[in-house]
Participant: 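Sharing a structure with you now.
The residues of the chain are indexed from 1 along the displayed sequence. Keep in mind that this is a model prediction, so the values were computed, not measured.
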Amino acid sequence: MQNCQGNGRPDKDYENWRWKPEQCILPRFDGTKFLELMRGKTLAFVGDSVARNQMESLLCILWQVETPVNRGSRKWNRWIFRSTSTTIIRIWSSWLVHRSSEAVGIAPKGLDKVFLDIADETFMEYIPTFDVLVLSSGHWFAKRSAYILNGNVVGGQLWWPRQAGKMQINNIDAFGVSVETCLTALATNPNFTGIAVLRTFSPDHYEGGAWNTGGSCTGKVKPLDEVVRNGFTDTMYGKQVASFRKAVQNSGKHSSKLKLMDITEPFALRADGHPGPYRSPDPNKKTQRGPDGKPPPQDCLHWCMPGPVDTWNEMLFETIRREFEGDSS
């Protein structure tokens, strides 16, 4: 859990900054009202570790109202708030589409195969039980994998045999196809009567390298004055939003099931909101640069709690309120 204060982070101002939309008012999170709106309902966070980050933020906020009962298993996390029979679930799905390590064509066994046109059955078989679904993906498309479309190997990331010729699909295009596949499958499934909220690509703030090549966000103690453009983030965000729009078109009369939670641009300003070197409560962790000037290992992708990620749940609360109260104001 990204409890940055508990992990020893010395500054606290990052907890107090709050995003303010220009043309509307974003209400504060009301835990009691949230549980009442979700009475007898199930909210599922599905996707990568950033989905877990948002779920843990929500649980921390709701814990101030009521202590939930842990009914999780090895398969997924499940928390139940008994006063309103509200269930919050997290299901891991790295790409939101089917994955296999079995050999496919030229892609050898052991390599992750991402089937871009098949939604992930890990959560799809349970969607009739979900009232609200929050989806998070994107960052796993930077990892080594092969892409499968219509049963054929069409591309890869950090893997591609020279003898195979030119790839048909790169990792960014693959991300777009996966988003369209997942959302279309959800919206057009007659057994899913809830809403699916696509949270847009979560920006990271590594400087001087990536997460595994010495990237750092150490010393960031206040929001940026303006967004420092990141080509990968901008491209992934654009592809994701375009795929959301395609899924809406594909879904026809069922498109109202799909909602977009656009967090990418405003939270690109929050370079101060990551754990950085304060990733764990380990008292022996390194938090300063070494004699050679290299930064300590750190997390500039996930978000501190309390911190910016709490605002995502205020946005989610307002989305749920408008849906279940029928108020679009």
Side-chain angles (χ1 to χ4, degrees), residues 21-27 29-30 33-47 50-51 54-55 58 84-91 93 96-97 116-138 175-202 237-266 311-329:
E22 290 183 350
Q23 299 180 7
C24 63
I25 296 174
L26 181 64
F29 192 96
D30 184 331
K33 185 170 184 178
F34 177 90
L35 290 176
E36 190 57 44
L37 286 169
M38 290 296 296
R39 177 177 290 275
K41 295 180 173 64
T42 296
L43 163 61
F45 290 91
V46 176
V50 185
Q54 185 177 357
M55 182 206 69
L58 179 62
T84 56
S85 297
T86 300
T87 302
I88 296 178
I89 292 173
R90 184 184 76 90
I91 302 175
S93 178
L96 299 181
V97 289
L116 302 174
D117 51 356
I118 305 174
D120 189 354
E121 69 282 356
T122 302
F123 67 90
M124 285 298 295
E125 63 178 300
Y126 299 104
I127 61 170
T129 67
F130 300 155
D131 299 282
V132 180
L133 199 58
V134 180
L135 301 164
S136 170
S137 69
F175 173 51
V177 175
S178 73
V179 170
E180 182 181 353
T181 292
C182 177
L183 292 178
T184 302
L186 285 168
T188 57
N189 189 311
N191 296 318
F192 178 55
T193 58
I195 59 170
V197 181
L198 178 67
R199 198 215 64 244
T200 60
F201 192 75
S202 180
Y237 168 74
K239 185 66 68 173
Q240 187 180 35
V241 172
S243 296
F244 175 85
R245 290 171 179 160
K246 289 180 182 177
V248 168
Q249 293 177 344
N250 298 341
S251 303
K253 65 180 181 180
H254 305 293
S255 62
S256 61
K257 296 181 184 179
L258 303 178
K259 312 293 180 183
L260 187 71
M261 182 188 296
D262 194 339
I263 62 91
T264 306
E265 185 79 5
T311 302
W312 299 2
N313 286 317
E314 291 181 330
M315 297 167 75
L316 178 61
F317 170 58
E318 180 63 7
T319 300
I320 290 172
R321 185 193 68 78
R322 293 183 181 192
E323 181 68 20
F324 296 148
E325 288 189 346
D327 179 8
S328 61
S329 62

Participant: Can you give the donor-acceptor pairs under 3.5 Å from side chains of residues 186-196 to other protein atoms, not counting sequence neighbours?
Facilitator:
| residue | atom | partner | partner atom | Å |
| --- | --- | --- | --- | --- |
| Thr188 | OG1 | Thr184 | O | 2.6 |
| Asn189 | OD1 | Asn191 | N | 2.8 |

Participant: Could you check if a side-chain atom of Ser178 sits within less than 4.5 angstrom of a side-chain atom of Leu96, using non-hydrogen atoms only?
Facilitator: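 With C-beta onward as the side chain, the pair stays apart.
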Participant: Taking it one step at a time, do Arg199 and Met315 satisfy side-chain contact (heavy atoms from CB on, under 4.5 Å)?
Facilitator: CA-CA 10 Å; Arg199 198 215 64 244; Met315 297 167 75; over 6 Å; no
Participant: Quick one: pull up OG1 in Thr42 and CD1 in Ile127 and give me the separation to the nearest 0.5 Å.
Facilitator: 13.5 Å
Participant: For residues Trp312 and Val134, determine if any side-chain heavy atom of one lies less than 4.5 Å from a side-chain heavy atom of the other.
Facilitator: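 Of all side-chain heavy-atom pairs linking Val134 with Trp312, none is under 4.5 Å.
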Participant: Report the C-alpha separation of Leu260 and Val248 in whole Å, then their side-chain angles, then the decisive distance to 0.1 Å, and conclude whether the side-chain contact (heavy atoms from CB on, under 4.5 Å) test is met.
Facilitator: CA-CA 11 Å; Leu260 187 71; Val248 168; over 6 Å; no
Participant: Report the residues that fulfil side-chain hydrogen bond (donor to acceptor under 3.5 Å, both in side chains) with Ser251, sequence neighbours left out, ordered by chain and then residue number.
Facilitator: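 For Ser251 there are no side-chain hydrogen bond (donor to acceptor under 3.5 Å, both in side chains) partners, ignoring immediate neighbours.
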Participant: Sequence neighbours excluded, which residues qualify as side-chain contact (heavy atoms from CB on, under 4.5 Å) partners of Lys246?
Facilitator: Glu180
Participant: Roughly how far apart are Ile320 CD1 and Lys33 NZ, rounded to 0.5 Å?
Facilitator: 12.0 Å
Participant: For Ser93 versus Phe123, what's the shortest heavy-atom pair and its separation?
Facilitator: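 Taking Ser93 first and Phe123 second, the nearest heavy atoms are OG-CE2, 3.9 Å.
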Participant: Which residue pairs pass the salt bridge (Lys or Arg N to Asp or Glu O under 4.0 Å) test with at least one member in residues 35-45, sequence neighbours excluded?
Facilitator: Glu36-Arg39
Participant: Indicate yes or no for a side-chain donor-acceptor contact from Thr86 to the backbone of Met38 under 3.5 Å, with no hydrogens or angles considered.
Facilitator: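 It does hold such a pair.
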Participant: Taking salt bridge (Lys or Arg N to Asp or Glu O under 4.0 Å) as the test, write out the residues that go with Lys239, two or more places apart.
Facilitator: Asp173
Participant: Write out all pairs satisfying side-chain hydrogen bond (donor to acceptor under 3.5 Å, both in side chains) with one or both partners inside residues 121-130, taking only residues at least two apart or from two chains.
Facilitator: Lys75-Tyr126, His98-Glu121, Asp120-Thr122
Participant: List in chain and number order the residues that pass ring pair (Phe, Tyr, Trp, His ring centres under 6.0 Å) with Phe34, two or more places apart in sequence or in another chain; answer none if no residue qualifies.
Facilitator: Phe29
Participant: Nearest 0.5 Å please: distance from the CD atom of Glu318 over to the CD1 atom of Ile25.
Facilitator: 10.0 Å
Participant: CZ/Phe45 to CD1/Ile88 distance, rounded to the nearest 0.5 angstrom?
Facilitator: 6.5 Å
Participant: According to side-chain hydrogen bond (donor to acceptor under 3.5 Å, both in side chains), who are the partners of Ser202, at least two apart in sequence or on a separate chain?
Facilitator: Trp303
Participant: Let me confirm one number: the OG-CE distance from Ser136 to Met55, rounded to the nearest 0.5 Å.
Facilitator: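 These two atoms lie 12.0 Å from each other.
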Participant: List the steps, then state whether side-chain contact (heavy atoms from CB on, under 4.5 Å) holds for Arg322 with Lys259.
Facilitator: CA-CA 11 Å; Arg322 293 183 181 192; Lys259 312 293 180 183; over 6 Å; no
Participant: Examine distances only and state if a side-chain atom of Thr200 and a backbone atom of Thr264 form a donor-acceptor pair shorter than 3.5 Å.
Facilitator: yes
Participant: With distance as the sole test, does Ser243 use its side chain to make a donor-acceptor pair with the main-chain N or O of Gly176 at under 3.5 Å?
Facilitator: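 Yes.
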Participant: Could you pull out all residues at least two apart from Asp131 that satisfy side-chain hydrogen bond (donor to acceptor under 3.5 Å, both in side chains)?
Facilitator: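 Once residues adjacent in sequence are excluded, Asp131 has no partner under the side-chain hydrogen bond (donor to acceptor under 3.5 Å, both in side chains) criterion.
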Participant: Run through Leu198, Leu316, Leu135 and flag the one making a side-chain contact (heavy atoms from CB on, under 4.5 Å) with Met261.
Facilitator: Leu316
Participant: Could you report the tightest heavy-atom contact between Leu116 and Thr181, atom names first, then the distance?
Facilitator: O-OG1, 2.7 Å
Participant: Taking all heavy atoms of Phe244 and all of Val179, pick out the closest pair and write down the distance.
Facilitator: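 Residues Phe244 and Val179, closest heavy atoms: N-CG1, 4.4 Å.
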Participant: Give a yes or no answer on whether the side chain of Ser137 reaches the backbone of Gly47 with a donor-acceptor pair at less than 3.5 Å.
Facilitator: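 It does not hold such a pair.
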Participant: Is there a side-chain contact between Asn313 and Phe317 in this structure, where contact means two heavy atoms from C-beta onward sitting under 4.5 Å apart?
Facilitator: no
Participant: When rounded to the nearest 0.5 angstrom, what is the spacing between CZ in Arg90 and CG in Leu58?
Facilitator: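 Answer rounded to 0.5 Å: 13.5 Å.
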Participant: Go through the structure and list residues passing side-chain hydrogen bond (donor to acceptor under 3.5 Å, both in side chains) with Thr319, not counting sequence neighbours.
Facilitator: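 Listed in chain order: nothing, the list is empty.
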